[in-house]
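None of these values were measured; they are calculated from a predicted model. Quick note: numbers below take in every heavy atom, side chains included, and nothing from hydrogens, waters or symmetry partners.
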Amino acid sequence: VASPGLLSPLGLAWRLQRGVLLGWAVGLAILGAVYGGVGDEVAEFADDSEQMADYFNQLGGTGKLTDLYFAVALGLAAIGAAGYATQALLRLRTEEASGRLEPLLATSVSRTRWAWSHIAVAALGIVLLVALTGFTAGLTYGVVIGDVGGQAPRLFAASLVYLPAVLALAGLVVAAFGFLPHRAIAIAWTAVAFCFLIGQLGPLLDLPQAVLDLSPFTHIPAVPADELIALPLVVMVVLAAGLVAAGLAGFRRRDLATS
């Protein structure tokens, strides 16, 4: 007899995705701790390395060097959370392609309800991972400089600024699944890789602004180095919601693709 949690689409989605979430949580928590642990040495590294100093100068930002470092670090960690979101949401495609979805939909479960169960679990995981990375970075940095009470909440709050960009990428995955299921995997991972490369190499390669703007992370204020501006965050959330809605509409209308 199935456990009560498996009798609902949400319980089944959680069962299928919890291992992935746990793995990403451990990895990003460690990454955040590493970022925070070396935060106090960034200025010294930049003084000793002309290449590193040039890198931070290319990135811009109006805050002090340590805050700019954390803005970059939290942005990279957020792209890691986007990797989790991609893996979690592509479970939609895996379940469909394997043929396990069809008998489930033969019951009273609708396509929309089933898809929303996976989207809800993924969204919860995104928030958890982004917040966890910021908190562990702030915790270890606070321990190093003797200000846990100030740095842990500060970097925790700063990390949340990057959530809308992650949600926008997650929305792209849902849209790809809804309209181009056979290409969803390639589209989703290409988008994550593109954002990572743009974040790392875009300023250094002096790429056109039009190319840089293709990454949602380009539009996020470099908090805590820069001041928070709400408009880009609102736009990203609206974009994410629109992509999810479009993807679900496409999924409801198309035939199941089981191969």
Side-chain angles (χ1 to χ4, degrees), residues 21 24-25 28 31-32 35 59-63 67-68 70-90 115-116 118-138 153-178 187-200 202-203 209-248:
L21 177 57
W24 279 95
L28 287 177
L31 182 64
Y35 282 153
L59 292 173
T62 59
D67 283 347
L68 181 56
F70 277 118
V72 174
L74 293 176
L76 290 175
I79 295 176
Y84 155 77
T86 298
Q87 185 176 359
L89 289 170
L90 284 176
W116 265 119
H118 285 273
I119 294 170
V121 172
L124 177 64
I126 290 169
V127 175
L128 173 65
L129 294 179
V130 171
L132 179 63
T133 308
F135 177 75
T136 55
R154 186 175 80 96
L155 292 183
F156 168 80
S159 68
L160 299 181
V161 175
Y162 297 88
L163 266 175
V166 182
L167 293 174
L169 278 179
L172 177 63
V173 179
V174 177
F177 166 73
I187 292 171
W189 285 115
T190 298
V192 173
F194 174 80
C195 290
F196 176 77
L197 292 175
I198 286 295
Q200 288 291 285
Q209 189 62 42
V211 175
L212 299 178
D213 286 343
L214 293 175
S215 169
F217 293 91
T218 300
H219 306 278
I220 301 300
V223 176
D226 286 345
E227 292 184 4
L228 176 63
I229 302 174
L231 181 59
L233 309 186
V234 174
V235 170
M236 286 297 148
V237 171
V238 172
L239 175 62
L243 287 170
V244 169
L248 290 176

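- Side-chain atoms of Val235 and Pro164, non-hydrogen and from C-beta on, never get closer than 4.5 Å to each other.
- Minimum heavy-atom separation, Val166 to Ala81: CG1-C, 4.0 Å.
- Distance check: Thr86 OG1 to Ile79 CD1 gives 11.0 Å after rounding to the nearest 0.5 Å.
- For the atom pair CZ (Phe177) and CG (Leu89), the distance works out to 10.0 Å, reported to the nearest 0.5 Å.
- Listed here is the closest heavy atom pair of His219 and Pro232: O-CB, 3.1 Å.
- Among all heavy-atom pairs drawn from Leu155 and Pro224, the shortest one is CD2-CG, 4.2 Å.
- Looking at Leu233 and Leu228, their side chains come closer than 4.5 Å, going by heavy atoms from C-beta outward.
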**Q.** Leu31 and Thr136: CA distance, side-chain angles, deciding distance, side-chain contact (heavy atoms from CB on, under 4.5 Å) verdict
**A.** CA-CA 8 Å; Leu31 182 64; Thr136 55; over 6 Å; no
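- Phe70 pairs by the ring-ring contact (aromatic ring centres under 6.0 Å, His included) definition with Tyr141, not counting sequence neighbours.
- Here the closest heavy-atom approach between residue Leu28 and residue Ala77 is recorded as CD2-O, 4.1 Å.
- To the nearest 0.5 Å, the span separating OG1 on Thr133 from OH on Tyr35 amounts to 9.0 Å.
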Please list, one pair per line, the donor and acceptor atoms closer than 3.5 Å that link side chains of residues 190-197 to other protein atoms, with sequence neighbours excluded.
residue: Thr190; atom: OG1; partner: Ala186; partner atom: O; Å: 2.6

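- In this structure the side chain of Val174 never reaches within 4.5 angstrom of the side chain of Leu243, judged on heavy atoms.
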Q) Should Leu21 and Val121 be marked as a side-chain contact (heavy atoms from CB on, under 4.5 Å) after you check the CA-CA gap, both sets of side-chain angles, and the distance that decides it? A) CA-CA 9 Å; Leu21 177 57; Val121 172; 5.7 Å; no
Q.
Under the criterion side-chain contact (heavy atoms from CB on, under 4.5 Å), I'd like the reasoning laid out for Ile198 against Leu214: C-alpha separation, chi angles, the key distance, then a yes or no.
A. CA-CA 9 Å; Ile198 286 295; Leu214 293 175; over 6 Å; no
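- Residues Trp24 and Gln87 share a closest heavy-atom pair of NE1-OE1, 2.9 Å.
- Shortest non-hydrogen contact noted between Ala82 and Leu169 is CB-CD1, 3.7 Å.
- In this structure, His118 contributes its side chain and Ala88 its backbone to no donor-acceptor pair below 3.5 Å.
- Between the CG atom in Leu124 and the CG atom in Leu129 there is a gap of 9.0 Å [rounded to 0.5 Å].
- Residue Phe135 holds its CZ atom at 12.0 Å from CG of Leu128, rounded to the nearest 0.5 Å.
- Between the Ser159 side chain and the Leu74 main chain, no donor and acceptor come within less than 3.5 Å of each other.
- Between the side chain of Tyr162 and the backbone N or O of Val223, at least one donor-acceptor pair lies under 3.5 Å.
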